[in-house]
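Note that ligands are numbered from 1 as they come in the structure, with each ligand's atoms numbered from 1 the same way. For clarity, every value in this text was computed on a predicted model and none was experimentally measured.
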Amino acid sequence: MALNDKTAVVTGAVMGIGRAITEILLRNGAKVALLDVNETAGKDLMEVLEKQYGRERTLFLNCNVESEEQIKAAFKKVADAFGGIDILCNNAGILNESMWEKTVSINLMGVIRGTYLALEHMSKLSGGRGGVIVNTASMAGVGPLPSCPVYTATKHGVVGFTRAMAVTRAASTASGYGIRFNALCPGFVQTDLLSTIPAKLGKFCHLADMTNQLVEKIGTLTVSDVAECFLELVTDETKNGEALLFFPQGKQYVTFPSLI
Ligand SMILES: NC(=O)C1=CN([C@@H]2O[C@H](COP(=O)(O)OP(=O)(O)OC[C@H]3O[C@@H](n4cnc5c(N)ncnc54)[C@H](O)[C@@H]3O)[C@@H](O)[C@H]2O)C=CC1
Ligand SMILES: CCCCCC(=O)CC\C=C/C=C/C=C/[C@@H](O)[C@@H](O)CCCC(=O)O
């Protein structure tokens with residue numbers, strides 16, 4: 001998929017991984033709608049992006065992925081402004097084992113909500129152009145992190161949901177959305193989310209040292225590393241139903257057991 005003049009929506013777009021994904025999309029010619037709850041950082045980033053890429057290719061919308069109403073309104077504004085949606089990155093996420101319901105609401109329910117609402121704009125069955133949806137899961141979506149079981153559950157859920165949507169797409173022409181679905185599964189990445197971990201482990205804070213040792217053992221990625229892997233899942237049209245696992249030592253497409 002060439003990105004020139006394609007329209008992308010990125011949630012959690014103004015910081016960390018989402019910002020890097022936004023910038024790599026813009027560098028490759030896409031128009032990008034940035035959805036985030038951090039309005040201050042969003043407006044500051046927009047000043048930078050508009051100078052670099054022009055006002056006509058960027059749009060910031062204050063949007064909480066926990067709200068069906070806000071996502072629905074945001075997607076309509078994007079479609080009205082840019083003429084449709086071709087790419088969605090459900091990236092917004094938090095880690096907070098003390099606020100585990102909120103973690104589920106954002107990390108898993110937000111991905112499901114964004115995906116279902118995007119179908120209304122992207123699916124060829126409803127007049128859309130098709131496209132690709134990339135969900136930011138995590139290495140913790142493939143292997144459990146003992147210090148954050150709920151976060152791990154949300155990321156396993158994102159991987160499972162993404163793969164199921166991909167199979168739905170492939171399994172029946174009735175759901176011929178014309179959309180590919182892939183999961184991004186990075187290891188530890190140098191962002192605010194990672195740097196605030198010790199305070200976010202809740203009842204598992206006694207496992208903070210073990211987690212830090214794991215970070216030391218595996219090492220950390222930059223947000224640019226993640227954005228490059230995201231681009232691969234978007235542009236390689238053979239990729240559907242994939243979970244791309246990557247960490248400083250390398251990357252691999254996860255092979256899941258075939259059950260039948
Ligand atoms: N940092 C890491 O080590 C890794 C992070 N991830 C995942 O990558 C994604 C991005 O994480 P980071 O960039 O590290 O975090 P970050 O904390 O640097 O950025 C997250 C962004 O999402 C936004 N956000 C939070 N809740 C939101 C909501 N309800 N609605 C809309 N926007 C919201 C924040 O305002 C922020 O701009 C998350 O899904 C995270 O689970 C995956 C693997 C590794
Ligand atoms: C707690 C920080 C989470 C930061 C956000 C992320 O999503 C980062 C996920 C990065 C790595 C996850 C690694 C999971 C490893 C498990 O498969 C398991 O190997 C860990 C077992 C503990 C150990 O080996 O010491």
Contacting atoms of ligand 1, where contact means under 4.0 angstrom from a heavy atom of V14: 37 (O)
Subset of ligand 1 atoms that lie under 4.0 Å from at least one heavy atom of F188: 3 (O)
Where N135 and T115 come nearest, the two heavy atoms and their spacing: OD1-OG1, 4.1 Å
Nearest non-hydrogen partners of L231 and N28, listed with the distance: CD2-ND2, 3.9 Å
Electrostatic pair E120:K72 at N-O distance under 4.0 angstrom: yes
Proximity of A137 to ligand 1 by residue part, where a heavy atom lies under 4.0 Å: backbone
Region of A13 that comes within reach of ligand 1 [heavy atoms, distance under 4.0 Å]: neither
Option with minimal heavy-atom separation from atom 21 (C) of ligand 2, where the choices are A208, S147, P146: P146
Nearest option to atom 13 (C) of ligand 2, as decided by whichever heavy atom of M139, K217, E97 sits closest: M139
Non-hydrogen atoms of [X] versus ligand 1: any pair closer than 4.0 Å?
{"X": "K155", "value": "yes"}
{"X": "S105", "value": "no"}
{"X": "A41", "value": "no"}

Kindly confirm or rule out an N or O of [X] lying under 3.5 angstrom from an N or O of ligand 1.
{"X": "V189", "answer": "yes"}
{"X": "E66", "answer": "no"}
{"X": "S138", "answer": "no"}
{"X": "I17", "answer": "yes"}
{"X": "L35", "answer": "no"}

Heteroatom distance test (Y151, ligand 2): nitrogen or oxygen, under 3.5 angstrom: yes
Cationic tip of K200 above Y151 ring, under 6.0 Å, 45° of axis: no
Of T162, V234, N90, the residue whose pairing with V134 passes side-chain contact (heavy atoms from CB on, under 4.5 Å): V234
Distance from [atom] to nearest protein heavy atom, with residue and atom:
{"atom": "atom 25 (O) of ligand 2", "value": "L214 CD1, 3.9 Å"}
{"atom": "atom 25 (C) of ligand 1", "value": "I94 CG2, 4.0 Å"}
{"atom": "atom 17 (O) of ligand 2", "value": "G143 CA, 3.1 Å"}

Salt bridge (Lys or Arg N to Asp or Glu O under 4.0 Å) between E23 and R19, worked out: CA-CA 6 Å; E23 291 176 329; R19 173 168 178 170; 3.2 Å; yes
Under-4.0 Å protein heavy-atom contact, atom 19 (O) of ligand 2: no
Geometric class of the F204/H206 ring pair [parallel <30°, tilted 30-60°, perpendicular >60°]: tilted
